[in-house]
K.L.:
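Quick one: the structure is below, questions incoming.
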Amino acid sequence: MRKPLIVYYSRKGENYWNGQIKNLAKGNTEIVAEMIAGLTGGDLFEVQTVQDYAADYYSCTDQAKAELQQNARPALKRLPEHLEQYDTIFVGYPNWWADLPMAVYSFFDEYDFSGKTIIPFNVHNGSRFSRTIETIQELEPNATVIEDGFTISEQNVPKAADDVASWLQEIGY
């Protein structure tokens, strides 16, 4: 099995976490991405926007909601090199307004994932995947999108290592 690429979008700083606003040194999706990379030997790639989101949690959510309503595609700082060397790409993201963050749409817009396997994982605050897996299938109709992705509540991320390992084993990693 070839080494996978683990692509993720994550928010550091002020986050809604376990019922309160908390300043996180590392975003929840990043933590899960690192677990996956550690267990699969995959390469990590963080999706970052050129313009940072507001540091204040509530301002950030307002900005994210406006982007969703406008179907915006924020510019990305960089893109992964040599994507052709990966057959399998894990894609991780928080669930924002029951959808992918618009930065993840920007990432998908940059590539044709035909013939590749996309394995979604996400962090949520109660809404699980919503319909994000279907959205990825619509964005990448010529890729194989694994419907049995990994989804976890933000409050369970710190103790998710065993769950991530079990899930990877279930999907053949």
Side-chain angles (χ1 to χ4, degrees), residues 1-13 15-18 24-49 53 60 64 68 74 76 78-80 83 85-111 113 115-173:
M1 184 177 313
R2 289 174 56 177
K3 179 170 29 173
L5 178 64
I6 297 95
V7 173
Y8 67 94
Y9 177 79
S10 193
R11 177 169 163 81
K12 301 169 182 72
N15 274 273
Y16 185 81
W17 193 88
N18 204 18
L24 302 179
K26 187 178 286 191
N28 288 312
T29 308
E30 181 177 7
I31 292 168
V32 176
E34 289 175 347
M35 290 176 189
I36 294 168
L39 292 164
T40 64
D43 294 327
L44 282 170
F45 180 82
E46 181 179 10
V47 173
Q48 296 175 303
T49 55
Y53 288 92
C60 175
L68 178 65
L76 303 180
R78 63 187 182 92
L79 295 167
L83 196 65
Q85 74 185 21
Y86 300 100
D87 297 327
T88 302
I89 302 167
F90 288 83
V91 178
Y93 49 91
N95 186 325
W96 281 6
W97 301 105
D99 204 345
L100 302 167
M102 299 315 286
V104 177
Y105 279 93
S106 294
F107 173 76
F108 279 119
D109 286 351
E110 291 294 327
Y111 295 103
F113 289 88
K116 300 201 180 289
T117 299
I118 299 171
I119 304 175
F121 65 98
N122 89 337
V123 176
H124 63 86
N125 193 21
S127 51
R128 303 186 57 81
F129 276 117
S130 298
R131 89 170 286 290
T132 60
I133 291 177
E134 292 86 350
T135 298
I136 295 169
Q137 290 169 329
E138 291 164 6
L139 293 170
E140 300 299 337
N142 297 316
T144 300
V145 180
I146 302 300
E147 294 183 14
D148 191 19
F150 183 77
T151 184
I152 187 165
S153 172
E154 46 80 23
Q155 64 193 15
N156 295 325
V157 167
K159 56 184 182 236
D162 289 343
D163 291 337
V164 171
S166 294
W167 168 68
L168 288 170
Q169 188 172 24
E170 286 171 17
I171 65 168
Y173 259 89

K.L.:
Can you list every salt bridge (Lys or Arg N to Asp or Glu O under 4.0 Å) pair that touches residues 38-47, not counting sequence neighbours?
P.N.:
K3-D43, K12-E46
K.L.:
Just how far is it from atom OG1 of T88 to atom CD1 of I6, taken to the nearest 0.5 Å?
P.N.:
10.0 Å
K.L.:
Within the 4.5 Å heavy-atom criterion, are I119 and Y173 side-chain neighbours or not?
P.N.:
yes
K.L.:
For the atom pair CG (N28) and CD (Q155), what is the distance rounded to the nearest 0.5 Å?
P.N.:
10.5 Å
K.L.:
For atom CD of E147, is the number of surrounding heavy atoms from other residues, nucleotides or ligands below 6.0 Å larger than 12?
P.N.:
no
K.L.:
Can you name the nearest heavy-atom pair linking I171 to F90, along with the distance?
P.N.:
CD1-CE2, 4.2 Å
K.L.:
Could you tell me which non-hydrogen atom of I133 sits nearest to which non-hydrogen atom of G149, and how far apart they are?
P.N.:
CD1-N, 4.4 Å
K.L.:
Would you please test I36 and Y8 for side chain to side chain contact (heavy atoms under 4.5 Å, CB included) and show each step?
P.N.:
CA-CA 11 Å; I36 294 168; Y8 67 94; over 6 Å; no
K.L.:
ring-ring contact (aromatic ring centres under 6.0 Å, His included): which pairs involve residues 139-165, sequence neighbours left out?
P.N.:
F150-W167
K.L.:
Quick check: closest heavy atoms across T40 and P4, and the distance to 0.1 Å?
P.N.:
OG1-CG, 3.6 Å
K.L.:
Any Lys/Arg nitrogen of E34 or K26 sitting under 4.0 Å from an Asp/Glu carboxylate oxygen of the other?
P.N.:
yes
K.L.:
Hey, could you give me the CD1/NZ distance between I89 and K116, rounded to the nearest 0.5 Å?
P.N.:
5.5 Å
K.L.:
Compare every heavy atom of T29 with every heavy atom of Y93, then report the nearest pair and how far apart it is.
P.N.:
N-CG2, 3.3 Å
K.L.:
Distance-only criterion, 3.5 Å: show the donor-acceptor pairs between side-chain atoms of residues 95-109 and protein atoms not counting sequence neighbours.
P.N.:
unit_1, atom_1, unit_2, atom_2, d
N95, OD1, A98, N, 3.0
N95, OD1, D99, N, 3.2
N95, ND2, S127, OG, 3.2
N95, ND2, R128, O, 2.8
N95, ND2, S130, OG, 3.0
W97, NE1, T61, O, 3.4
D99, OD1, Y105, OH, 2.8
D99, OD2, Y105, OH, 3.2
S106, OG, P74, O, 2.7
S106, OG, M102, O, 3.4
D109, OD2, R73, NE, 2.7

K.L.:
For L83 and F45: C-alpha separation, side-chain torsions, deciding distance, then whether side chain to side chain contact (heavy atoms under 4.5 Å, CB included) applies.
P.N.:
CA-CA 11 Å; L83 196 65; F45 180 82; over 6 Å; no
K.L.:
Hey, are the side chains of E154 and N15 touching, using non-hydrogen atoms and a 4.5 Å cut-off?
P.N.:
no
